[in-house]
Each structure stands twice: as C-alpha cells, then as structure tokens.
Amino acid sequence: MSKNLRINNKHFVDETRKLSFTFNGKKLYGYKGDTLASALLSNDIHLVGRSFKYHRPRGIMTSGSEEPNAILQIGNDDALTEPNVRATEIELYDGLICNSQNCWPSVKFDIGGINNFLSPLLPAGFYYKTFMWPASFWEKYEYFIRKSAGLGKSPSKQDPDMYDHRYLHCDILIVGGGVSGLMAAKIASDDNKKVLLLEDKELLGGSLIYDDSDISKIDNQKSSEWLKKLIVNIKNDKNIIIKTRTSLAAYHNYNFLLARQNLTDHLSVNDRNNKIRQRLYKIRAKKVIISTGAIERPQVFHNNDRPGIMLASAVKKYIDYYGVRCGLENVIFTNNDSAYETALSLHKSGTKLNAIIDIRDNSSSEIVNQVKNLGIQIYWNHTVVDTKGYKRINKVTVMKLNDKGNDVIGKKIDLNCDCLAISGGWTPMVHLFTQSGGKLRFDNKDNIFVPDKTNLDQLSIGSAKGDFELDDVLKNSIKDTKKFLNIENSNFDKIDVKCSKEKEKKNIWLLPSDRPLSKTKPFLDYQNDSTAKDIKLALREGFKSIEHVKRYTTTGMGTDQGKLANMHALGIVADTTNTNMGDLGTTTFRPPYTPLTFGTIVGRNVGQFFDIFRKTPMHEWHVENNAKFENVGQWKRAWYYPKDGETMHDAVQRESKAARESSGILDASTLGKIDIQGTDANEFLNRVYTNAWSKLQIGKCRYGLMLNEDGMVYDDGVTTRLGENHYLMTTTTGGAANVMSKLEDYLQTEWPELDVFLTSVTDHYATASVCGPNAKKIINKIFKDLDLSDESFPHMSFKEVKLGDINCRVMRISFTGELSYEINVEASYGKYIWEKCIEAGKEFNITPYGTETMHLLRAEKGFIIVGQDTDGTMTPVDLQMDWIISKKKYDFIGKRSLYRSDTVREDRKQLVGLLTDDPNEILEEGAQIVKDENKKPVDMLGHVTSSYFSPTLKKSIALAVLKEGKKLKGQKLLVPMIDKTIKVTVSDTIFLDKENERING
Amino acid sequence: MFLISCPYCGERDQSEFVSGGEAHIARPKQPTELNDDQWAEYLFMRKNIKGIQFERWNHVHGCRKWFNVARDTSNDKIEKIYKMGEQPPKI
Ligand SMILES: [Zn+2]
C-alpha cells in the first residue's frame, strides 16, 4: 500500500504484533488492537458491502455497534462461519477470514446494482404492492426475493462451540465503562456496595480515554490522563467486578438483565480450542445505572451513502485510537461543535483537512475558535447538496442555505475529498432504558429523546441521559449517582472540569438540495435503503403512526434496529406533518440490543440436555431388546419391539396377536401415581371423579373419569383402595403432573377443610402389566402362594404380596380387555420383576409389547385415550360414557357444566366407531369425515381419532368424533384423502368381546 | 422475570412459579342451584384490568403452596402478597 494511512505511536494498537487476515480472498495485514474495520481502513478499503435493496456500494461508516454497512461474513467453515458480523466490533485476530455479503458475483461488480438504476420503480412498500397477486405466483416471487435479498449465509453444520450461562447478583450494575460509568462505580464502591461493571469493548474508558484535546481538563490534567488513573484505581477495587467484552443484550423488568461476554472471538482460531466461546450472564441487580453513552447522527442529504462518508466521531476514533487515517483529503460536514474535535485530530495527526461545512451561521466556542486559528476554511451556513464517486467518494458539492434553511442559493462549490466526516449531532443510547419499560421525553433544545419515567430502580447518567459536554457529564453523573445511592459526599465532589461550551445549535432533519426531492437519494436507513422520499411517500399514502411508517418503509428494521436512522425518520415525519416530535412517540426497541447467536441463548442445553427425558427402571431392558421408543410427555416409552427387520405394522400385528392368544407384557411404569391419604380421602375422590366412590371396599379398584369444571374430560385412571384412609390413584402418563397440581389446587383453595394428603409417587414404583389368556399361569409361577381364583382375586381387585423381600402390589385390572395383572414394585426392583415375568412367561411365548400395541388392543375394546380420542371439548356424554356419571352425587368437579345449554346439544361431536367398506383400508388418524363431497364448501362432520388394523378381527377399525354421531350408527360416510375417497360405515365403539368375557381368561 | 416473595419460602425467581389467574373467585357451594348465566359467570368471566389485579400464584417448583398476589398489570409491580383465605388488601 503506497498510501501512508497508519500513524505511528498510538497507544491502543500494538504495532509489534502484526496480524494477517483475508478480505474477499485478498491477504491483508493489521495489528493487535485493531478492529476488522480499522484494519481494513488502514489498507485503504472503505467499500465492504452492497446495500439491501438497491445494491449500492457501501463503506465503513462508524466505529461501533451502530454500524449499518460493514456487516460481513466471518470465517469460511461450514460450522463456524458467522453472518452479519459488524467489522467495527470484531477484534482482529491472526488468520481472520471475512467476505462481503449481499453481492454477487463480487462487491466491486454486483449484478443487483441494476436495482440502483431501477430505483424509481422500487419505492417504499414496493414488495407489499407488487408481490401480492396472484397468490399462485408467490413461489416464484419468493425465489427471487430470497436470492436477491438475504444478509449472509447461516452455518450449515452444527455449532461445535461451547457456550455457558452464569447467574450474577449485585447491588449496583453499571452498564457502560465510559467516564460516567467509571465514576459511578467508584462512588458506589466507596459506599461499600457490590458493583458489577459491564463494558462491551476490550478496554475501559469510552471515548474520553483517547481524547487528545488541549481544551478539556480534569483537575488540571489532560482528561485522558486523569481517566487512566481512575481506571487503575477501579481495577484494584475489590468491590468492583469488571466484565469487559461484555454487552448487555436485554433489560427486563425487576432489574433482570442478560449480558453476553465474548471470551474467544478475539483469539486466532487455533487458540480457541476447548475454551468457552461466549457466556451469557443472567443478572439480578438491586439497582442499575445506565451509562451507555451516545451515538453520533449522520446528516441526511443527496447521495449521503457513498463509501468514504463516515461519522465524524468515527474518523476521530480511527485516528486517535487505532492510528488510522480514513482518507488523505478530508472534508467535514457538521451542524455542531463536536466535529471540530475531529478537525483538531486530523490536524494534529498531519492529515489534510480541505474544509469544514457547517449549516450554522457561525460559532464562537473555544474549540471552533481554535480551528479557525489554524486557518482551516469553514463554509458557514452551507450544506452538501451532492457527492460524487461510485465506489469511493471523490467530490462534494456545497451550496449556501437560504434564511429558512429549506432551500439552497448561490453557486455550487465543488470540493475534492476521499473522506467526508459528517455529524448531525448526538443521540443518547436510550435503548436499554426503553427496553426496561422506561418512558422517554423529547428535549426540544437538543432534539433528543431523553430518559424520563421508569418504574425500576435505575438511573441513566452521562450522554446516555443527554449530557454531552464534559463538565455536564462529570458533574451531573456525580450529583445524580449520589442522589440515587443516597450518599452525602463523594471523593469527586471538588472535581474541576474545563471544556469548550457549545453556543450555537441548528438542526435540519432533511437538508435541501438544488434538485427536487424526487430526483435525490437522501438515505436514512443505510441497511434497508430507505430514503427521506420513502417516508414522505408513506405519509402521502396515509400512514400516520410512526410504527406503521417504520414497517411500510422498513426504516429501522435492519440488524442495527435503526440506531442511525430512527431520529431522522421521526424528524422528517414531524416536519412533514407539522407535529412536535415529542408527540409522535418513538418506535419500540426490543431485545437483544445487538444480535445474539443461538448458541449463547441455549448455553449448555444442547444435545442430551436440550430436552431432558425420563426413563423407566426397565429402560435398559427395552434398549437391549431392540425397542423403538416414542416420547410421551418427558418419558421415553417403548413403542414397539421389531424383530428381524419387521416394520412397525408387522411388529404391532405380532405383539397384539400374542397378547390376545397367549400373553403380552407392557411396561406401565410411566402412568402417573398419586398416593392419597387422610380421613376425607373418600369424600375427596367423590368430589374429583364423576362416579361414586363411597362403596369401594378396601382391596378393590375402580376406574374413574375426571372432568374440568367446564364439564370436559380431563383425565382418567384406576384408583385402588389400599386401606381405610389410603388410596393409590393412577393418571395418564402425560397428565400426571397437571392432575397433581389440579388436585392440590382444589385442596388448598376450595376445600382446605378436607383432611387429605397427596404425594406424587410416579417415580417411586415400577409397573409390569402382564395380560392374555395365560397371564394367570405366569403370575402363578411367580407368586406361588397367591390365590388367583376369581373368588379370592376377582377383576378390579388388589393384593399385597411378597416376593422374597420385595413388596409387590398386584392389581387385577385391564386396559386391553384381556385377563391382566399389574405388578407394582419399588422402582429399584422394576427391572428384576420385569425379567422375572419374562422368564416365567417364556413357555407361554410372553411377548413384550409397546404403546402402539397397547393402543390397538384398547381400541378394539373401545377404551378411550384422553388426549387422543378427546381434545378438551368432549364431555363424558359425548364419549358415550354416560354410565360413569353418578346420578346420586350432589356435586363433583364439572357436574354443573354437564347440563349447560351448550353441553346438552344433541348435535355435538360424539365418539363413534368407523369401519371401512374395504376391511384392508386403514384410515389415517386426523382424516376428515364428510357426507357429501360435491357440496362446496364441504361440511366437515368430524375426524378420525384412532385407527388400526386389528389382527384378531382381521379388519381395519377406527374411532372418530362425529357430529350427531350417536344417531348415525349404520350410516355410510366418506373420508376424502388426497388421492382417493374412502367409504366408511358408522359403528359401535366396541369392536371386540362386547360381553367382556376375555377379562376372565 | 419477576421476583416473587413466596409467603412460605421467601424471594424467588418467577420461573419457580405459575400463575393461576384471577383470585377471589370462590367455587359456588351449590352449583346445581345456579342457572346457566350464573354458572357461566363463575366459569368463564374473568376481569382483565389495567392496574391492580388480584391473582392466584403457585410456588410450583418450590413448596407448591398457592397464595394471592396483588399485581399492577400496567408495570408488573407486585404491590402485596398474602395467603389463601385472606381478604384482598385495599390498594
Ligand atoms: Zn414457597
């Protein structure tokens, strides 16, 4: 590089550590301490990307998180590549690879650039207006939109990095390690508070740390020197925990905040191995101080987006912090004093400054006078009307403003430049304040929104609250912090601050040009390519709310959330509609403040920890025996056990045949189990179940149906009376936790007078259910002394029996319609008892079956599954289970709802059976049932809830819910599918053994 | 994320709790005596106030106790926490 852009001897970049990196395939060099942006600029690279809509060439514009243009794809590894990384934020490391986004085939020659010439055809709302109709064209539109839009590529492989979460608690959280935050930290620490200080950059000190001004003085020292001493002091302070490279992502209610710390992103890829990449802090702070500073505004004029046009404060930072000149021929365009600091920095570094254009009439502040004395040409009351240079600015055209500032007069003046430093004033970073629910107030004097009302224990200080001059920043920060913390005195009370004071202010949201607005491109949102014209168009088309204008024009909807664009957009709306800006309100800032990668959000909750699952004590046996599993709630349940390449259908047919013809065994451990004790336990059951429980004898079991108060079926299961005041309730697998909560709720809040105690024992017991004609013989082999005769141990009864030292609760209950025993043992014996059953059953071909076979077997018997055949809109009457509703009981949960006008309607959907005319045709669960296919729209009468092929019946069977289903028995209906229509006949819900003979073996 | 002070356990993170909707809606003692409108009033009708709302909360991942909370829905500030069976405070 022949141009001399690097200035030597700057403190913040280590010129002894040269780093190489690759940009768009070209190898370049920078230094340790550079950001990617400063390294690119030191190589004279401004053009880094293309804009979203018009594909205009765009360059680095800022030096921070507000950067709209320099967003790059980092890395080229399929797993590690990261899109949308701001070059201004990422620290340079050796071997960094980066590429421009949103351009094809290259950033220098981008085919999409043709959109720039077509731009009169692409106004605000273009996509909304154009791609609406006809709907069938959408697939084509989408293809083109996706191809020409899109910001970068997502990684295509799993993220191999490790991320971490940690909780932090503190008295005072300070967000932002600039001068005001540092002073607040010190004041709080001196008052013995536990302080947590977050700074998103590598170094503390904010913008004052590289301030080289001779005018600003703190306690008669150069302000940066004074600040460096304070930082040393703070780093040695045990009350202050400092987290650098840590940016606040979200500020929630109750002072709950999320912050992300970058731990390895600044290291070369080889140095990152086995280290945690990022850590998410979940912070609870008693008090929060926001000292996030302010960001500079651009100015809005024709062609204000060319590479080489940068914020004045960024130009200053690149010189004073990184030692990088952004250009060799500089022009400054400003409406305020702060850009004169840039002028002084340019001068001090020996960088050519051709002129300053200032829209104000004059200024006589100390800093402006200093610049005047240097002999630099200042064009007062002038504005930029145009710029030239496609891939890099090479000229600005300047004209004089009229008295009102709404037009330009006189002759055009052309000035050469390769860098135009612009400043439109400053905007306090109130994002976090508004995220936390704080309300803003508009300050007419400075044209800024400042923090006003908040419900939280928080304070904004420094330029984040609207103080921009050093003496205001320091003195108000001290005063406000003391008041906030209830402190009388601080060590800063006698601080002496000198600085230049701005006297003249002038602000024009949309600067006039010699061309009509329609012939200009004054950009507001660089990322989304929205211009002042688009805002005006939206207003003309009737959009009034600022939220609507934002969405219609997409202003502020990029990855930068409009950090640079929003104020001008509001200003132009206010000017156009003659409204006070304060009355317009602002658009909403939402977390995260800067984008977070998914890895940081999920932390360690990946892989097996993503969604924890529960295993039964027999789980390993199922795994060893080739079970396929299905998720039921959090449980892994054995689904079916395929043998020798069987399909699921084959396996289920085999399993269910075995269960009906000899014996099957099911792991039923996942069923919810609630131990109920107390003198009112029986009364309690009477209140929570629809049927009567008063006469249930000790040692007997009963099936119960539980409703919601709205009369809809909520859960079901068998409850066993273990003792006088002792019951064991079972619930569905998925409903266990909710049933427990519901019962506790009623006990604590409605019926606290009942003497009832509930204990969840789901995990305490394992259950093996043995069924089939040979079940009795198998159980007899295991429990030789147990009397299994129907007289002693009838259906729906229970016995307690010992197997060695193991206490076994054996229930004779059946969900399959077969003779069936459930053996409950303490969970640790679960696998033992299971294997005991398998061993005893060997001679009877005992066949383990999973949930799928269980579902088939119970469907043959017409037993419902709550949640499959019901969906929260089915009453017991709808289910044809009228028999389970006690007529005698005065009350139970949901009883009153069973005769609401809606629940007694006869045309409700009701549970029925369905038989296909072709017995081999299996219906799809969820398929719709209709009567007349030709009437359009087709009336949907119901849907299939359960469907199987029954090997015992040798035909397809289904359960369905059907409008007026009870009346439709025998009727022919249709189930239309995508490729055919299936004819069905409505039947009874019980398909097998209507007489219930099989449960006796 | 609120901080909620369980009357039995003390201050805990919101993630340990579930909300159970509007408080002080007692289940009618004699539901069968009510007509459809009266029953519907109990069953379905809930207030949705901007301002102080009395709610039931349950420390579901803690002591599992239900209690009452007076919460300002406009800013989620919890004004008062009191046990089941106690009268709502005057706010
Ligand atoms: Zn508790």
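All heavy atoms count here, side chains included; hydrogens, waters and symmetry mates do not. Predicted model, so just to flag it, every value in this text is computed and none were measured. Order of the sequence lines fixes the chain letters, A, B, ..., with proteins taken first and strands second; residue numbering starts at 1 for each chain.
Scanning all heavy atoms of the two residues, the minimum distance from A:E750 to A:E753 falls at O-OE1, 4.0 Å. Contact between A:A250 and A:Q435 at its shortest, heavy atoms only, is CA-OE1, 3.2 Å. Minimum interatomic distance between B:C6 and B:H59 (heavy atoms only, all atoms of both residues): SG-ND1, 3.4 Å.
Cation-pi geometry between A:K282 and A:F256 is not met at under 6.0 angstrom from the ring centre and within 45 degrees of the axis.
In terms of heavy-atom pairs under 4.5 Å with chain B, the best-connected choice from A:E744, A:K895, A:E709 is A:E709. The greatest number of non-hydrogen atom pairs below 4.5 Å with chain B, out of A:D745, A:D710, A:L456, is found for A:D745. Of the listed residues (A:A737, A:S897, A:P752, A:G437), the greatest number of heavy-atom pairs within a distance under 4.5 Å of chain B belongs to A:S897.
Ring planes of A:Y254 and B:F2: parallel class, angle under 30° (limits at 30 and 60°).
Residues of residues 66-77 of chain B lying under 4.5 angstrom from chain A, judged on non-hydrogen atoms, are B:W66, B:N75, B:D76, B:K77 by number.
Using a 4.5 Å cut-off between heavy atoms, A:Y746 contacts chain B through its side chain alone, with no backbone atom that close. Proximity to chain B (any heavy atom under 4.5 Å) is restricted, for A:N455, to the side chain, taken from C-beta onward. For A:Y167, no part lies near chain B; criterion is any non-hydrogen pair under 4.5 Å. Using a 4.5 Å cut-off between heavy atoms, B:R56 touches chain A through its side chain atoms alone. The contact between B:L3 and chain A is made by backbone and side chain atoms together, counting heavy-atom distances below 4.5 Å. Looking at B:I25, the atoms closer than 4.5 Å to chain A (heavy atoms on both sides) all sit in the backbone: N, CA, C or O. In this structure, the portion of A:D891 lying under 4.5 Å from any heavy atom of chain B is its side chain and not its backbone.
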N/O donor-acceptor pairs under 3.5 Å from side chains in residues 756-763 of chain A, not counting sequence neighbours:
| residue | atom | partner | partner atom | Å |
| --- | --- | --- | --- | --- |
| A:T762 | OG1 | A:K673 | N | 3.0 |
| A:D763 | OD1 | A:R614 | NH2 | 3.1 |
| A:D763 | OD2 | A:R614 | NH2 | 3.0 |

Please report, to 0.1 Å, the donor-acceptor pairs under 3.5 Å made by any side chain of residues 79-91 of chain B, with sequence neighbours excluded.
| residue | atom | partner | partner atom | Å |
| --- | --- | --- | --- | --- |
| B:Y82 | OH | B:H24 | NE2 | 2.6 |
| B:E86 | OE1 | B:K83 | N | 3.4 |

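Within a 6.0 Å sphere centred on NZ of A:K887, other residues, nucleotides and ligands contribute more than 12 heavy atoms. For CD of B:E33, the number of neighbouring non-hydrogen atoms (other residues, nucleotides, ligands) closer than 6.0 Å is greater than 12.
Here B:Y42 pairs with B:W39 under the ring pair (Phe, Tyr, Trp, His ring centres under 6.0 Å) rule; sequence neighbours left out.
Put simply, the side chain of B:K65 reaches to within 4.5 Å of the side chain of A:Q748, judged on heavy atoms.
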